[in-house]
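Note sheet for the following structure.
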Amino acid sequence: PTGTRFDNIHTHACDYQPTSGKIECAGEVRMELQSAEEAKRMAKSLLAGGALPENPSDLGANPEAVHVITRGVSFDRDSGDATTEQPVDVQFPAGQIHATGATYSSQTGGIQLHRDVNMHLMQNPVRTGGAVTTSGAPIDIRGASLDYASDSHQVLVHGPVAATQSVQGV
């Protein structure tokens, strides 16, 4: 409602329940979570470079956004929340997360991963063109659940939490 978010949700088909106001999407659901400011920057960058994607549906694809892929999503019209208990894959510039179950809030742009969180973080990711390079060994974090606040880009992993980092060359 404040115009600060530019999140997009894509799926092939959903069923609308008029009595409850819920929308059920059984198949694959893809979400792109980004602020309105990030979306404007990406659009300006695409237009300035003159490089429009071949597929018009890729026009809004922002590699700096948080991308969520899951199935079996239920949207609640009144709360603006989307929920699933299916496996969830999250990709973002510094890594990726796999978990089971999620709740996305369209009001805040935040996402909660319900259980079995496995996160793979790259150190110092730098995007050059389409490629990402890193320095340092990646860090793997396992936790019970996770909260992501999109406005501050902060992640809170709930315990028990275990973090491991492989030493390069060993």
Side-chain angles (χ1 to χ4, degrees), residues 1-47 52-121 125 127 141-161:
T2 62
T4 59
R5 304 291 314 153
F6 192 77
D7 299 332
N8 289 286
I9 300 172
H10 305 274
T11 190
H12 290 288
C14 295
D15 292 322
Y16 175 64
Q17 309 297 325
T19 54
S20 67
K22 289 194 176 188
I23 300 170
E24 304 285 338
C25 305
E28 183 178 88
V29 176
R30 292 179 175 260
M31 300 180 195
E32 186 176 67
L33 311 179
Q34 62 187 328
S35 70
E37 193 58 39
E38 289 168 331
K40 285 178 190 175
R41 257 194 321 273
M42 181 64 180
K44 284 180 183 178
S45 173
L46 281 173
L47 293 175
L52 293 176
E54 290 180 27
N55 183 350
S57 66
D58 292 339
L59 185 59
N62 181 349
E64 300 300 317
V66 174
H67 298 270
V68 179
I69 302 169
T70 190
R71 309 182 68 74
V73 174
S74 175
F75 297 96
D76 185 305
R77 175 189 62 194
D78 296 332
S79 70
D81 290 350
T83 305
T84 183
E85 290 305 320
Q86 298 297 312
V88 179
D89 289 306
V90 182
Q91 297 175 349
F92 51 98
Q96 57 193 8
I97 305 170
H98 180 76
T100 303
T103 299
Y104 160 75
S105 170
S106 65
Q107 299 297 317
T108 65
I111 190 164
Q112 296 175 322
L113 300 179
H114 299 170
R115 62 190 176 282
D116 305 324
V117 173
N118 290 293
M119 184 170 16
H120 182 79
L121 297 175
R127 182 176 297 281
I141 300 171
R142 289 187 320 273
S145 62
L146 179 147
D147 294 328
Y148 168 71
S150 62
D151 55 346
S152 63
H153 298 287
Q154 290 187 341
V155 173
L156 175 61
V157 181
H158 301 276
V161 175

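Please read all numbers here as calculations on a predicted model, not as lab measurements.
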Partners passing side-chain hydrogen bond (donor to acceptor under 3.5 Å, both in side chains) against R142 (at least two apart in sequence or in another chain): none
Under the side chain to side chain contact (heavy atoms under 4.5 Å, CB included) test, residues paired with A26 that sit two or more places apart: none
Working for side-chain contact (heavy atoms from CB on, under 4.5 Å), residues T11 and V73: CA-CA 10 Å; T11 190; V73 174; over 6 Å; no
Within residues 91-115 or reaching into it, pairs that qualify as salt bridge (charged side-chain N to carboxylate O under 4.0 Å, His left out) - sequence neighbours excluded: E85-R115
For S79, all residues meeting side chain to side chain contact (heavy atoms under 4.5 Å, CB included), sequence neighbours excluded: D76, D81
Distance-minimising heavy-atom pair for Q112 and H114: O-CD2, 3.8 Å
Pairs satisfying salt bridge (charged side-chain N to carboxylate O under 4.0 Å, His left out), at least one member in residues 12-24, at least two apart: none
All side-chain hydrogen bond (donor to acceptor under 3.5 Å, both in side chains) counterparts of T100, not counting sequence neighbours: none
Side chain to side chain contact (heavy atoms under 4.5 Å, CB included) partners for T19, two or more places apart: none
Test side-chain hydrogen bond (donor to acceptor under 3.5 Å, both in side chains) applied to D89 - qualifying residues, sequence neighbours left out: H98
Residues which pass side chain to side chain contact (heavy atoms under 4.5 Å, CB included) with A102, listed by chain and number, not counting sequence neighbours: T84, V88, I111, L113
Residue pairs, two or more places apart or on separate chains, that pass salt bridge (charged side-chain N to carboxylate O under 4.0 Å, His left out) and touch residues 98-107: none
Contacts of type side-chain hydrogen bond (donor to acceptor under 3.5 Å, both in side chains), residue R71, not counting sequence neighbours: none
